[in-house]
There are 2 protein chains.
Amino acid sequence: MEKLPPKTVERLSQYRRVLSKYEDDENSYIFSHDLARLLKINPVQVRRDLMLIGFSGNYRSGYRVQELIMLINKTLKTPKSQNSVIIGVGRLGKAIIHHIYPSNVCPVTLKAAFDIDPAKINKEYNGVFCYDVSKIPEIVKENNVKIAILTISDEDIQPIVDALIDSGVKGIINYVAGPLKIPKDIYFKEYDIRTTLEEMAYFIE
Amino acid sequence: MEKLPPKTVERLSQYRRVLSKYEDDENSYIFSHDLARLLKINPVQVRRDLMLIGFSGNYRSGYRVQELIMLINKTLKTPKSQNSVIIGVGRLGKAIIHHIYPSNVCPVTLKAAFDIDPAKINKEYNGVFCYDVSKIPEIVKENNVKIAILTISDEDIQPIVDALIDSGVKGIINYVAGPLKIPKDIYFKEYDIRTTLEEMAYFIE
DNA sequence: TTATTTTTGTTAATCAATTAACAAATTAAT
DNA sequence: ATTAATTTGTTAATTGATTAACAAAAATAA
Ligand SMILES: NC(=O)c1ccc[n+]([C@@H]2O[C@H](COP(=O)([O-])OP(=O)(O)OC[C@H]3O[C@@H](n4cnc5c(N)ncnc54)[C@H](O)[C@@H]3O)[C@@H](O)[C@H]2O)c1
Ligand SMILES: NC(=O)c1ccc[n+]([C@@H]2O[C@H](COP(=O)([O-])OP(=O)(O)OC[C@H]3O[C@@H](n4cnc5c(N)ncnc54)[C@H](O)[C@@H]3O)[C@@H](O)[C@H]2O)c1
């Protein structure tokens, strides 16, 4: 089956997230322009995305919310999704663990955390157990983990990344600055709020 | 002066950041393909971006690092850049304060933090003073703050956003989930790691 | 000198993403 | 009925971003 455009996949995840709060009544409907407003995008974008996943609305009353969520679930292969781990249980790591966990709409399961600090190891954070970094190969293989999140303070992340990839990880979300060699077949995303700040400073005049 | 494409501005910020570590020797040069590798992009992209800001390299030895940094500084109006504030000094807020502060390459200054919790108020976090949220109008106006970062646990962010905008904020980076009305002239960016996780889960097979 | 290599600078081509335009369907109002 | 109003579904057009292609420059080697 043909893969959807990345931006469409991103928005599907967002549609589902905002709609899950709308799903009070099992018969509720939403118009493309209302869904668009929730994401601050154009209604045509919404209709086009839903067209791409083959979802049909009602000419007069819009899209059936429950059905749409179910089709997004199916399209994004939820709930049988991927397992993930996080490396670095500091301020940012803990924030992310707490942010992901309570969400009944994030289908990616956080299976384990890793740290190098004995004070953090063998403790549970919001239901996620923290292991010593040396346990990465064992735990990652055992749980068929495919996604890793990097939130360590040490800038020398290469050894950790190598261990993760050797153990089968295919996707990495990195918040740590510093040079890094990544094979081309790894899905890699990096975010730095400083880039966003500087971009904003440039455009707000 | 014509504004640069947003993606180019993002990359300029990233070029500067990675180059500032390269700037040992005041006469060091870098090739477009080396700079490209650092950002995991195409060398043509680099040359095109530098062309857009009118930077010229040397046909045989590449681009002069120090000069390039200086031109990016000028292009992004550094150091006379914008002031920012952060609302919510929890796990994520503290992580961001620490992440921005030590950086001598992030020209956006964090002027103040705000929280609702008396235990956080009137303390300093990495040199950033935390005020009660009620002080937003006063502090924001006083410091000519144009950018705000939202990292509170409360999902009812509308009153805070309204206060910020009323006080002159033009750009907002939001990490808090929940519906929000924002005027069209505000530069607004929202990130949620759950979207990235779900997108990754879809594409890694 | 003359070819060879390497790298920049720039235009053209391609690819991706968004938005415009409008027909088709449906309902409500006249 | 007929008309008007609203909303979906889809194609076409536009805009934006990336990559390909290649000439020009400079250094090196033959
Ligand atoms: N990209 C962004 O927007 C952004 C925002 C905030 C923070 N950050 C970055 O995220 C990272 C974490 O920030 P923080 O505030 O949570 O730091 P922190 O010091 O609170 O936590 C870091 C954690 O990583 C652990 N650690 C360090 N080296 C390790 C290693 N080699 N192996 C395993 N664990 C290791 C430490 O023991 C600690 O628990 C930093 O690199 C910071 O710069 C990025
Ligand atoms: N987008 C992402 O990728 C991402 C990642 C992690 C966390 N988050 C979100 O960031 C937010 C903060 O997470 P955290 O782990 O730092 O939470 P936290 O509970 O550690 O900290 C929240 C802070 O906000 C303060 N606060 C709450 N309501 C406030 C209000 N009305 N005005 C001022 N201050 C207020 C609290 O006193 C506390 O200090 C949460 O909404 C969380 O879901 C988003």
Side-chain angles (χ1 to χ4, degrees), chain A residues 2-15 19 22 27-65 67-68 71-72 75 184 187-190 195-196 199 202-203, chain B residues 2-15 19 22 27-65 67-68 71-72 75 184 187-190 195-196 199 202-203:
Chain A
E2 193 65 34
K3 285 280 179 195
L4 297 163
K7 294 280 178 185
T8 294
V9 174
E10 259 184 51
R11 284 187 297 263
L12 288 175
S13 154
Q14 291 164 348
Y15 296 148
L19 286 175
Y22 254 61
N27 267 0
S28 54
Y29 282 79
I30 192 166
F31 293 130
S32 62
H33 58 259
D34 288 325
L35 186 44
R37 186 144 26 81
L38 290 169
L39 267 72
K40 304 179 217 327
I41 59 173
N42 191 307
V44 183
Q45 189 81 265
V46 171
R47 298 206 295 275
R48 221 179 176 291
D49 287 337
L50 301 196
M51 193 193 85
L52 287 176
I53 61 169
F55 191 70
S56 288
N58 187 299
Y59 275 108
R60 196 58 189 179
S61 43
Y63 300 94
R64 183 107 185 277
V65 173
E67 266 180 24
L68 175 52
L71 182 58
I72 297 177
T75 307
K184 276 191 297 300
Y187 202 97
F188 182 76
K189 290 244 180 184
E190 197 159 53
T195 303
T196 311
E199 184 194 343
Y202 177 80
F203 282 108
Chain B
E2 191 66 33
K3 285 280 178 196
L4 297 163
K7 295 280 177 184
T8 294
V9 175
E10 259 183 50
R11 284 187 298 264
L12 288 174
S13 154
Q14 291 164 348
Y15 297 147
L19 286 175
Y22 255 62
N27 267 359
S28 54
Y29 282 79
I30 192 165
F31 292 130
S32 61
H33 58 259
D34 289 324
L35 186 45
R37 188 145 25 84
L38 289 169
L39 268 72
K40 304 182 219 323
I41 59 172
N42 191 307
V44 184
Q45 189 82 264
V46 172
R47 298 206 294 274
R48 223 181 174 290
D49 287 338
L50 301 196
M51 192 192 86
L52 288 175
I53 61 169
F55 191 68
S56 288
N58 187 300
Y59 275 108
R60 195 63 188 178
S61 44
Y63 299 94
R64 182 106 186 278
V65 173
E67 266 180 23
L68 175 52
L71 181 58
I72 297 178
T75 308
K184 276 192 296 301
Y187 202 96
F188 182 76
K189 289 244 181 185
E190 197 160 52
T195 303
T196 310
E199 185 193 344
Y202 177 81
F203 281 109

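We name chains A, B, ... by the order of the sequence lines, and we start the count at 1 in each one. Since the structure is predicted, the reported quantities are computational estimates derived from the model, not experimental observations.
Sequence order on DNA chain C of the closest nucleotides to A/V44 and A/P6 puts A/P6 first from the 5' end. Comparing B/F55 and A/R11 against DNA chain C, the residue whose closest nucleotide sits nearer the 5' end is B/F55.
With sequence neighbours excluded, no residue satisfies side-chain contact (heavy atoms from CB on, under 4.5 Å) with A/S56. Partners of A/T75 by side-chain hydrogen bond (donor to acceptor under 3.5 Å, both in side chains), not counting sequence neighbours: none found. For the side-chain contact (heavy atoms from CB on, under 4.5 Å) test, residues two or more places apart in sequence or in another chain that qualify with A/F203 are A/E199, B/K3, B/P6, B/V9, B/Y187. Residues satisfying the side-chain hydrogen bond (donor to acceptor under 3.5 Å, both in side chains) test with B/E10, not counting sequence neighbours, are none. Considering only residues two or more places apart in sequence or on other chains, A/R60 meets the side-chain hydrogen bond (donor to acceptor under 3.5 Å, both in side chains) condition with none of them. Every side-chain contact (heavy atoms from CB on, under 4.5 Å) that B/T196 has, sequence neighbours left out, goes to A/I173, A/K189, A/Y191.
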Nucleotide N/O of nucleotides 2-6 of chain C paired with protein N/O under 3.5 Å:
from, atom 1, to, atom 2, distance (Å)
C/dT5, O2, B/R60, NH1, 3.3
C/dT6, O4', B/R60, NH1, 3.3
C/dT6, O2, B/R60, NH1, 3.3

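Put simply, NZ on B/K7 is 11 Å from C1' on C/dA17, counting in whole angstrom units. Between B/R48 atom CZ and C/dA12 atom P there is a gap of 11 Å when expressed in whole angstrom units. Between the CZ atom of B/R47 and the C1' atom of C/dA12 there is a distance of 15 Å, given to the nearest Å. Rounded to whole Å, the distance from CE on A/M51 to P on C/dT18 is 14 Å. The nearest whole Å value for the distance from the CG atom in A/L39 to the P atom in C/dA17 is 16 Å.
Every pair passing ring-ring contact (aromatic ring centres under 6.0 Å, His included) that includes a residue from residues 32-55 of chain B is listed here, sequence neighbours excluded: B/F31-B/H33, B/F55-B/Y63.
Within 4.0 Å (heavy atoms only), B/S61 reaches no atom of the nucleic acid at all. Counting any heavy atom pair closer than 4.0 Å across all strands shown, B/P5 reaches sugar-phosphate atoms only and no base atom. Using a 4.0 Å heavy-atom criterion, one finds that A/S56 contacts the sugar-phosphate atoms exclusively.
Panel note: side chain A/Y202, backbone B/L4; a donor-acceptor pair is recorded below 3.5 Å.
Between B/S32 and the phosphate of C/dT7, there is no side-chain N or O to OP1/OP2 separation shorter than 4.0 Å.
At a cut-off of 3.5 Å, with distance as the only test, a side-chain donor of A/Y15 or A/D49 sits close to an acceptor on the other residue.
Boundaries of the chain B contact region on DNA chain D are D/dA17 to D/dA27, first to last in 5' to 3' order (nucleotide atom under 4.0 Å from a heavy atom).
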